[in-house]
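Beneath this line is the structure, given in structure tokens, with notes to follow.
What you are looking at is a predicted structure, and each value in this text was computed from that prediction instead of being measured.
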Amino acid sequence: MELSNNLKYAGGIGITPGDIPSIEETSDPVPAPLFYEEYIPPCHPDLFLLFGEIVQEGVTLYLLQSVDQTLLSATKERIDFLPHYDTLIKSGMYEYYASEGQNPLPFAFAELIDNSLSATSRNTGIRSIQIKLLFDDSQGKPAVAVIDNGRGMTSKQLNNWAVYRLSKFTRQGDFESDHSGYVRPPPVPRSLNSDISYFGVGGKQAVFFIGQSARMISKPADSHDVHELFLSKEDFEKKEKNKEAIYSGYIRNRKRRCRAGNALGSGAARSCRAVRQRVWLRLGSAAARQAVLSGMPSDSAHITSDDERFLHNLIMEERDKKSFTAVVVTGVQPDHMQYLKNYFNLWTRQLAHIYHYYIHGPKGNETNATMKEAGPFNNIDIEILMFEKGKVPKMVNLREIKDDMQTLYINSAADSFEFKSHVEGEGIVEGIIRYHPFLYDKETYPDDPCFPSRLKDDDDDDDCFVVEKGARGKRPIFECFWNGRLIPYTSVEDFDWCAPPKKRGLAPIECYNRISGALFTNDKFQVSTNKLTFMDLELKLKDKNTLFTRVFNGQEQRMKIDREFALWLKDCHEKYDKQIKFTLFKEIITRTDLTSKRMQSPWATYSAIEWDGKTYRTGQLVKTIKTLPIFYGSILKFFLYGDHDGDVYATGGEVQLALEPQALYDEIKIIPISKLDRAMSEKVVKKYIEDEMASYMLLKIKCTVPFLEKKKSCFFVRFPDRLSVTWPEGDELLPNETKLAGTPIGALRIEILNKKGEAMQKLPGTSHGGSKKLLVELKVILHSPVGNKEIISHISQHGGKWPYWFKKMENIHKLGSYTLKLQVVLNESNADTYAGRPLPSKIFKFNVVEGKPEKFSVGHLDPPFRVGVPFNIPLDLQDEFGHPTHLATDIKPILEASGLTLQYEEISKGTNCVIKGVTAKGHVNNYLGKNFSLKVILPGLKEDSQIFKIRLLPGPPRQLKVKPDSEILKIENGTSFPFQVEVLDEAGNITAQPKLIVHCKFVGAPNLPVYAVDCSNAGTNILTGPVVHVQNIKKDQMLKARIEIPSCKDVPPVEKTIKLLPSSHVARLQIFSVEGQKAIQIKHQDEINWIAGDVMHNLIFQMYDEGEREIIITSALAEKIKSCKDVPPVEKTIKLLPSSHVARLQIFSVEGQKAIQIKHQDEINWIAGDVMHNLIFQMYDEGEREIIITSALAEKIKVNWTPRINREQMIQGLLPDVKVPTSVKDVRYCLITFHDDHVSLESAFTVRGVQKNQNPERLKFCRNKCQCEQRIVGSSTLLPTTQTLLVGSRSFLSAGEPTYSGYTARLLVAWLWRHSGIAKNCVV
């Protein structure tokens, strides 16, 4: 690579600030970079444009020939990590996914309404917010527009809106905040300050949750421009594909056009028209003239897509607006569009609930109030409009909605209890509790009409006792509002002072379930960014330091709030609850007619009650409502659950009636008191009973008076006599038949016949009694050991054109004895007798037994399971209803398991089904076994397979495997031989069992050892023992080894042939005496005669093994010969290398083009008050090799003239600057030290200040206080035009000069490059 000014760089080089180079290929070697670099790929498109920004003081740009090039030192690489655009367009989906069973779309609209409320907070007139649902496909694709008449946004504020998570605390140029701080609005009731556009995320999340793109159109009041910003998912994807900057775009600014409606006499209008005419005449083409109009208010020329035709009408509406903001969402999700259309009333009601207090004021929507108070909240209009093709537009103002929950709470409450709580800091919570009284026969606590929480009254079940449920049920008391708007997913159950007491309090316990409440917080409590939940409200409110006070007539009262609340609740109960008063107490009884034993006692009985201003007593005639049939009867007594002993008020209770007329109905009924008809007078009830009795008597007279009998048939001849049952669809039920579980019965066709065999549907007779219709009741009763249970009960009536009919019954599947009973009953009373005669009935008795097997389960298995060992698999067969059944047909089971071969002997039929003699063979991992999934299939069953896990262990021993595998094994005499033995089952798995001892017997020589090893634990082991030694062996000898398991006779033994080799160890020692050329053997116990006092020299020895092979004497053998004192020693030469650790420290001062060495204890004269720059240092090891300074070494270098040391400069060999004393009398002592585990070095010099006019031309060093000399590096200056500096592994060369290391040269070049530019003419 070649740079300007003839400065060449190899591929991979450091470039410091200077001229921008031009690049070409080169093959020069790669030098090490001079500084800690920043890595930028050479293909970066803006490399040279960014050069001036990236390469600042002290930064090196590192150019590489390829990305894979090896780096010679650490570098820093600059990267960009902008978030993916999914962070923006999918943020709404992530934020609203936890919708708690509700569609989150209304909460997305709420985010846009929050922004509009904040934007219109300064309006003095109407604060208009419109949500337009544009679903007319003739005007384009579906869209949603949210439009307000707020203060609008400047282009800067519109830019701020587009920045994700730019909250109002950090955004610049906002209407009331900047980076310096956020100004909180003044306190207002219920914190209704409209300060709810907060976090900088809600609007973006909402628009991209609703649709695929958003167009922001806004105009501030003091601007002539309309600003437009368009964001879309499609645009983001296009930018990503083209590798463009995703988070960038353009704001269209449309200049304001003069309106035709201005007064002609207005000077401004005339001036505007004149300017427009001049501009119009200067434009030569129609296209140019059209360009003037594009981008103006009410001008939609830039809208060219047919999908957005509706925008032309929206933009035309801009003309009459001083300021506004419109959020237009296109690409609306199809699911959202269907929800908005189909559930229009539901989601608009939810919005009315969220903004209830903004719409209606701090007191809420009091529909019963005669006059509405004038206030700042009566001017908020939030309108929803939906336009569909061919339909009348739907329009609703949230103020007109009367069934949102807060409206229901407010208007059903009789009284309220207001309070305030103060938490640590500035957190304030206003609260209100409302009381919803009990009125006569029902609770008035409102239920959500769209999401009812309570079950409907079961009006048809008159024989079942129902305990009154609490009004609120399990719902929490408090809804929570933040700055006046609802936070929908947070509610507070209660507080200690308003929770139901453990002991009886001043008010009945049920009164605590008749309260609702709301909490209003300021912004000192944290909410989630989607405004769905509070993060810390309940925790702070239930802190022990939180103070609650009651608010009465607008004033806080410091009283015990628990006492105040209890007294208020008691007062509400006594004043507003309209309950039943039970009087004339009789006794406490136990009611055996109730099925629940817990509810059978205690019951207090009374003779009278006072209810709704009326008194009901024993013997009084009454009529019921909401019962089937309607009952007429006389009161016998009243029941009230509980241990009462006098007059008491209560909200429940039951009444016992004797049905009237008793001559016809000998029956007692018990019904809830609430089902008495309070509007029916006793006189009307009495007349009805008398008329029914008169009709009965008239019919009876007709049958007893002779002349009447001649005129008409006898009553009892025409009385219902029997039932005719037919089975039109088959499945007939025969008497005492046995049916399989689930077998259908019927359908049944019934006819009621009199004695003449005539079909009838009514009782005979005329007048009132003759109008009684006849019904047929079907009951199926199961007879069990614990009692009879009615499982089916139906009533059929005659339809005129169709007979009595009962559908097919297919749900009779419980085993046991049954009775099917058909009974004729009267229409109104369900009585099965009339006039003392029983109405006809028919009974079928039958039995239900288990059906065919449809499924099965695996019974209890008996582990352990071993390879090849038979085991059984019990099967529990069941019919389709889970009843145990038996196998009646021939079924051949199929057994499957991956890796196993499975077989079985047979399968037993009958009650106990067992697959017998199952054997499994296959490979398992080790003696611990392996888990297998065994699948059993019974073909022909509906659920024909079951899978269960078994652990298959190895089977019993069947074979013995001995390693080595060869038949002839070689062993040296006098050594032991290790055998690897494995005990295997029939499938070749290593197996283990108790007392698994493997023996090995050697045969072929006397006194041979026996080996034994225990394989009981792992099934494998090393079989070895004492050495095999045969005396006087001179050559190879053959032995036999028999390996067997004595305890397992079924395991055949293994025989191995052992070839015993003579030992290679020392077996014989021979000593010789050498005289001249003779060697005389000295035998054991020989006696040698030698000259007295002489020395025997030349004694030698030799050693032989059992095969008479001579043994080479090694040092190890020599050590074992005790008499060898003349063995010569061994010598080694050690080459001691110089240490590579730091041994010497050298300091230089660079002045101009000179590098001057500063030795230890030198004294330096310098200008007083000046600063010594450009001090460098080097370190050398013992071999005078230069040491590269690392960060670890730099940490160990200390200086005494400054506490601040730049470690990056230390690594580059640069010392901190030294400040020269300001007085010529002062001397600064400078000390540089280096300490590590190997050496401690120091170098010191002193600096003395001199006057400026005495400043020498060169740096002076005064040694020994008397001699001064000048020292310059190399005794020469560095001339920029005559020398060559090669950086890297080469040396610094100058003609006739000494050689310096590459590192020294690099340090000098670094300094010279930064300060003098001298290196620009050097070749690198």
Qualifying side-chain hydrogen bond (donor to acceptor under 3.5 Å, both in side chains) pairs, either residue in [range], two or more places apart:
range: residues 1037-1047; answer: K1040-T1057, R1042-E1044, R1042-E1055
range: residues 991-1003; answer: none
range: residues 953-971; answer: none
range: residues 856-880; answer: D879-H883

Residues two or more places apart in sequence or in another chain: which of them pass ring pair (Phe, Tyr, Trp, His ring centres under 6.0 Å) with [X]?
X: F1002; value: Y1011
X: F881; value: H813
X: H1084; value: none
X: F979; value: F977

E905: side-chain hydrogen bond (donor to acceptor under 3.5 Å, both in side chains) partners, not counting sequence neighbours: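 With sequence neighbours excluded, E905 shows a side-chain hydrogen bond (donor to acceptor under 3.5 Å, both in side chains) to no residue whatsoever.
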Residues which pass side chain to side chain contact (heavy atoms under 4.5 Å, CB included) with N926, listed by chain and number, not counting sequence neighbours: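 If we apply the side chain to side chain contact (heavy atoms under 4.5 Å, CB included) test to N926, skipping adjacent residues, the hits are L928.
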Partner residues of K1196 under the salt bridge (charged side-chain N to carboxylate O under 4.0 Å, His left out) criterion, sequence neighbours left out: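 Not a single residue meets the salt bridge (charged side-chain N to carboxylate O under 4.0 Å, His left out) criterion with K1196.
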Salt bridge (charged side-chain N to carboxylate O under 4.0 Å, His left out) against D1181, all qualifying residues, sequence neighbours excluded: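 Salt bridge (charged side-chain N to carboxylate O under 4.0 Å, His left out) check on D1181 returns R1185.
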